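One structure below.
The structure displayed is predicted, hence computed values, not measured ones. Heavy-atom basis, side chains included; hydrogens, waters and symmetry copies ignored.
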Amino acid sequence: MVFNKNKKQIENPATDRVAKQIASLILRWQQEISVKANRCINRLSRRRQKKILWLFCATWAILLTVSVTRIPIKQVIRNSVANLFPVHIGQASNTPKRAIKNLKQTDSLTNKK
């Protein structure tokens, strides 16, 4: 796919009209829902409104906490720690295990063994 920085917008009144209709429909729905919710809540006493607010906030806090704690963070960190540190200069990041364990690796800067 070729990305062109100098894209010219094609004006199409039909798509603009459809976009306006969809936006007005969404705004109308939002306004109707908010009016109904305000009517319902304003019928209640202030004390009852506060209880509903606290219940709503507590529910969302519990949902957020549960969703965050279900992720095994230790596992994610354990797997990604190896990728956080830079690889030594001249050494491949995924070298195969050597049969001889006491063999000293060559430093690419000093060429010593």
Nearest-0.5 Å distance that lies between atom [atom1] in [X] and atom [atom2] in [Y]:
X: Gln30; Y: Leu25; atom1: CD; atom2: CG; value: 10.5 Å
X: Gln21; Y: Arg17; atom1: CD; atom2: CZ; value: 7.5 Å
X: Ile22; Y: Thr15; atom1: CD1; atom2: OG1; value: 10.5 Å
X: Ser45; Y: Lys51; atom1: OG; atom2: NZ; value: 8.0 Å

Looking only at side chains, do Arg46 and Gln49 share a donor and an acceptor under 3.5 Å apart? yes
Within one Ile-Leu-Val-Met-Phe-Trp-Tyr cluster: Trp54 and Leu44, side-chain cutoff 4.5 Å: no
Indicate, with yes or no, if Leu63 and Phe56 share a hydrophobic cluster defined by side-chain heavy-atom contacts under 4.5 Å among Ile, Leu, Val, Met, Phe, Trp and Tyr. yes
Over 12 non-hydrogen atoms of neighbours within 6.0 angstrom of CD in Glu32: yes
Is any side-chain heavy atom of Lys50 closer than 4.5 Å to a side-chain heavy atom of Leu53? no
Heavy atoms, side chains only, cut-off 4.5 Å: are Ile41 and Arg48 in contact? no
